[in-house]
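Below, chains carry the letters A, B, ... as their sequence lines are ordered, and counting in each starts from 1.
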Amino acid sequence: SQQGEEDPQALSIQEGENATMNCSYKTSINNLQWYRQNSGRGLVHLILIRSNEREKHSGRLRVTLDTSKKSSSLLITASRAADTASYFCAPTSNTGKLIFGQGTTLQVKP
Amino acid sequence: EAEVAQSPRYKITEKSQAVAFWCDPISGHATLYWYRQILGQGPELLVQFQDESVVDDSQLPKDRFSAERLKGVDSTLKIQPAELGDSAMYLCASSSSITDPWGGELFFGEGSRLTVL
């Protein structure tokens with residue numbers, strides 16, 4: 001299916017450490033997107049990486065994409081307590097249909 | 001900054017009652033999505049509109065759920081009758097560029113939290 005599967009399900013780190021989350025998928029994609037969701041709120045788009053890109057940066061975020069392995073990773077460097085949230089990946093085809101997995105719940109301890 | 005508006009923010013209802021949620025997407029966004037998110041799980045796509053047409057409603061429980069976007073702008077999601085298992089967050093999102101193979105960023109509203117008693 002087009003659904004992305006995030007790993008690990010839960011991650012707990014200390015403030016200042018790096019956090020790495022992984023996403024695997026099964027179909028061909030046009031791009032892959034990462035979203036963040038704070039508790040009780042809507043999802044917020046973080047970054048989009050196209051299928052012909054291998055790495056992309058945005059502030060403290062670094063995303064990689066390996067289409068041969070059908071996997072992506074999201075790295076948050078120098079994490080802050082405010083980064084505590086759930087993170088979802090969404091592999092996207094040209095239908096515009098985004099199917100989310102269960103997400104990775106990140107807790108950053110002060 | 002333009003936002004996706006949703007109402008109500010919270011809704012408590014008794015089972016077998018009817019409930020409706022409203023969404024106003026970002027102006028000019030042709031694609032509108034309704035998702036359902038049960039606590040602790042990821043969002044589940046219920047329906048996707050392109051303008052006023054349904055593109056995908058394969059996961060919409062059509063015996064009790066209905067969705068419309070009559071003029072291709074705002075949208076309403078209705079549940080009748082509500083069941084205990086419908087307790088969830090209902091999220092609306094919009095996008096301007098599903099036809100762009102490199103685009104497709106979704107903008108989400110804050111959601112409508114439904115509790116069915």
Side-chain angles (χ1 to χ4, degrees), chain A residues 1-10 21 23-25 27-53 56 58 61 63 65 67 85-107, chain B residues 1 3-7 9-10 21 23 25-26 29-51 53-59 88-115:
Chain A
S1 76
Q2 189 184 320
Q3 180 177 346
E5 294 185 8
E6 297 87 351
D7 175 70
Q9 288 188 343
M21 289 158 261
C23 171
S24 61
Y25 58 94
T27 62
S28 297
I29 61 171
N30 286 345
N31 65 60
L32 186 141
Q33 304 180 41
W34 285 90
Y35 288 80
R36 182 189 75 224
Q37 184 180 35
N38 291 91
S39 181
R41 309 291 296 274
L43 280 71
V44 175
H45 181 265
L46 292 177
I47 195 166
L48 180 154
I49 186 166
R50 299 175 178 179
S51 59
N52 64 350
E53 297 175 316
K56 199 164 183 178
S58 177
L61 305 180
V63 169
L65 178 64
T67 53
S86 293
Y87 292 81
F88 298 91
C89 71
T92 308
S93 68
N94 59 4
T95 65
K97 184 175 179 178
L98 268 69
I99 300 177
F100 296 92
Q102 299 302 302
T104 292
T105 299
L106 172 66
Q107 181 184 25
Chain B
E1 183 175 319
E3 295 181 343
V4 175
Q6 288 190 248
S7 66
R9 186 78 173 88
Y10 302 95
F21 304 109
C23 172
I26 292 172
H29 280 194
T31 311
L32 185 146
Y33 309 77
W34 282 102
Y35 287 86
R36 175 174 60 185
Q37 186 176 27
I38 296 171
L39 192 62
Q41 299 185 16
E44 172 194 12
L45 179 65
L46 293 177
V47 62
Q48 176 184 344
F49 288 94
Q50 178 67 19
D51 299 310
S53 300
V54 173
V55 173
D56 188 323
D57 64 355
S58 56
Q59 300 303 311
M89 175 78 87
Y90 290 84
L91 294 162
C92 179
S94 69
S95 175
S96 65
S97 57
I98 69 161
T99 56
D100 175 357
W102 302 123
E105 172 186 350
L106 266 59
F107 296 82
F108 281 82
E110 291 291 12
S112 294
R113 169 73 66 187
L114 173 65
T115 301

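Of the N and O atoms on the side chains of B/Ser58 and B/Asp56, at least one donor lies less than 3.5 Å from an acceptor on the other residue. For the residue pair A/Gln33/A/Tyr35, the side-chain donor-acceptor check at 3.5 Å is satisfied.
Ranked by heavy-atom pairs under 4.5 Å with chain A, the first of B/Gln41, B/Arg113, B/Met89, B/Glu44 is B/Gln41. Each of A/Gly40, A/Ala90, A/Gly103 has some count of heavy-atom pairs under 4.5 Å with chain B, and the biggest count is that of A/Gly40.
In this structure, the portion of B/Leu45 lying under 4.5 Å from any heavy atom of chain A is its side chain and not its backbone. With a 4.5 Å cut-off on non-hydrogen atoms, B/Gln59 does not touch chain A at all. Looking at A/Gln37, the atoms closer than 4.5 Å to chain B (heavy atoms on both sides) all sit in the side chain, from C-beta outward.
With B/Tyr33 as reference, B/Ser95 is the one residue of B/Ser95, B/Pro43, B/Ser94 to meet the side-chain contact (heavy atoms from CB on, under 4.5 Å) rule.
Remark: B/Cys92 SG to B/Phe49 CZ distance equals 9.5 Å, nearest 0.5 Å. For the atom pair A/Phe100 CZ and A/Ser86 OG, the distance stands at 12.5 Å (nearest 0.5 Å).
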